[in-house]
Protein chains: 2
Amino acid sequence: MTPTESELAILQVLWIQGPTTVRAVNEALNTLAAQSDPPDRAIGYTTTLKLLQLMAEKGLVTRDESQRSHIYTAAAKQEKTQRSLLGRFVANTFGGSRSELVLRALGDGQATPEELAEIKDLITRLENDRTHG
Amino acid sequence: MTPTESELAILQVLWIQGPTTVRAVNEALNTLAAQSDPPDRAIGYTTTLKLLQLMAEKGLVTRDESQRSHIYTAAAKQEKTQRSLLGRFVANTFGGSRSELVLRALGDGQATPEELAEIKDLITRLENDRTHG
DNA sequence: AAATATATACGAAATGGTTCGTAGTTGCAA
DNA sequence: TTGCAACTACGAACCATTTCGTATATATTT
């Protein structure tokens with residue numbers, strides 16, 4: 001089950017903060033909304049609540065109802081969700097070509113020297129894995 | 001103006017085929033739908049027509065009405081659209097970190113040796129640009 | 001010339017996602 | 001113990017997107 005854009009925003013909060021109440025998720029979202037440029041409009045508390053309820057039904061989050069304030073936790077690891085969304089995005093936007101995506105991501109002069117070095121190292125490791133593993 | 005998922009599927013056809021009639025777009029979409037696994041349901045002709053009409057209103061495509069069968073053309077280059085969608089995707093899914101995206105894209109063992117070599121070359125060129133340019 | 005095929009236009013229903021108001025409940029403070 | 005604050009549940013409105021039926025016009029075939 002893959003999250004929508006709003007659901008993903010909530011998952012980002014849960015991945016960073018760990019198990020979290022509705023109120024804390026809502027406040028985190030609105031802090032981010034206020035910081036973005038131009039600032040996004042604040043989201044009502046019950047909107048966040050409803051989304052979390054729907055996400056629980058879909059299995060995107062689990063919840064602990066033992067306290068009056070329910071505690072929500074992301075059901076899937078961030079990496080797994082990123083992989084899944086990435087696959088879909090690459091299929092839709094780059095005809096399935098991961099390397100096209102990477103070329104586009106690196107090819108606009110935004111990457112720092114550190115990032116480039118890191119990626120080059122990764123590639124070297126991948127090549128060695130392929131050769132020796 | 002950024003395309004929706006269905007609109008993007010149509011743009012992919014237009015980028016590959018160049019200026020195209022509604023019917024040809026519809027047939028291309030349905031060929032792809034039939035090939036995908038599991039196969040997607042076929043899309044009606046008037047659905048494709050309507051989408052193209054809306055896309056023309058939004059400025060995503062231009063159309064030549066000089067013949068009875070209108071001819072549609074993608075308004076933006078594929079690369080520009082990919083950049084724009086990529087920016088949004090990186091922001092939503094990877095907290096804005098392009099290198100996180102790249103690490104994830106390369107780190108699942110799907111990339112071929114040729115792709116890896118190509119990307120390493122690209123990085124080397126980018127590093128040289130930074131040093132000497 | 002009539003029938004058939006193919007085209008555009010467009011209203012409207014169906015779908016999916018987001019937003020919030022309101023009702024009802026529980027805890028806490030005055 | 002009364003009242004206020006914070007919580008969950010949930011229906012319903014709203015919005016964007018997708019889908020298609022039907023009306024109408026134009027070309028083509030018989």
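Protein chains get the first letters and strands the later ones, always in sequence-line order, with residue 1 at the start of each. In this text, all values refer to a predicted model and were calculated from it rather than measured experimentally.
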Indicate every side-chain donor-acceptor pair of residues 39-58 of chain B with a distance under 3.5 Å to a residue at least two apart or in another chain.
unit_1  : atom_1 : unit_2  : atom_2 : d
B:Thr48 : OG1    : B:Asn26 : ND2    : 2.6
B:Lys58 : NZ     : B:Glu7  : OE2    : 2.7

Between side-chain atoms of residues 9-22 of chain A and protein atoms elsewhere (two or more places apart, or another chain), which donor-acceptor pairs fall under 3.5 Å?
unit_1  : atom_1 : unit_2  : atom_2 : d
A:Gln12 : OE1    : A:Gln78 : NE2    : 3.4
A:Gln12 : NE2    : B:Asn92 : O      : 2.7
A:Gln12 : NE2    : B:Thr93 : O      : 3.4
A:Trp15 : NE1    : A:Ala76 : O      : 2.9
A:Thr20 : OG1    : A:Gly18 : O      : 2.4
A:Thr21 : OG1    : A:Ala24 : N      : 3.2

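Counting 5' to 3', DNA chain D first comes under 4.0 angstrom of a heavy atom of chain B and last does so at the ends given by D:dT17 to D:dA27.
The salt bridge (charged side-chain N to carboxylate O under 4.0 Å, His left out) contacts involving residues 76-95 of chain B comprise A:Glu5-B:Arg88, A:Arg104-B:Glu79, B:Glu79-B:Arg83, where partners must be two or more places apart or lie in separate chains. For residues 18-34 of chain B, no pair satisfies salt bridge (charged side-chain N to carboxylate O under 4.0 Å, His left out), with sequence neighbours left out. Sorted by first and then second residue, the salt bridge (charged side-chain N to carboxylate O under 4.0 Å, His left out) pairs with a member in residues 113-126 of chain A read A:Lys120-B:Glu127; sequence neighbours excluded.
Less than 4.0 Å separates DNA chain C from at least one heavy atom of each of the following residues of residues 37-69 of chain B: B:Tyr45, B:Thr46, B:Leu49, B:Lys50, B:Gln53, B:Arg63, B:Arg68, B:Ser69. Sorted by residue number, the list of members of residues 12-28 of chain A with any non-hydrogen atom under 4.0 Å from DNA chain C is empty.
Between A:Phe94 and A:Phe89, the angle of the ring planes goes over 60°, which puts this pair in the perpendicular group of the 30/60° scheme.
Remark: B:Leu32 engages B:Gln35 in a side-chain contact (heavy atoms from CB on, under 4.5 Å) (not counting sequence neighbours). Take A:Leu106 and apply the side-chain contact (heavy atoms from CB on, under 4.5 Å) test, not counting sequence neighbours, and it matches A:Val102, A:Ala111, A:Leu116, A:Ile119, B:Val102, B:Ile119, B:Leu122, B:Ile123, B:Leu126. The salt bridge (Lys or Arg N to Asp or Glu O under 4.0 Å) test applied to B:Arg63 returns B:Glu65, not counting sequence neighbours. Every residue two or more places apart in sequence or in another chain was checked for a side-chain hydrogen bond (donor to acceptor under 3.5 Å, both in side chains) with B:Gln67, and none qualifies.
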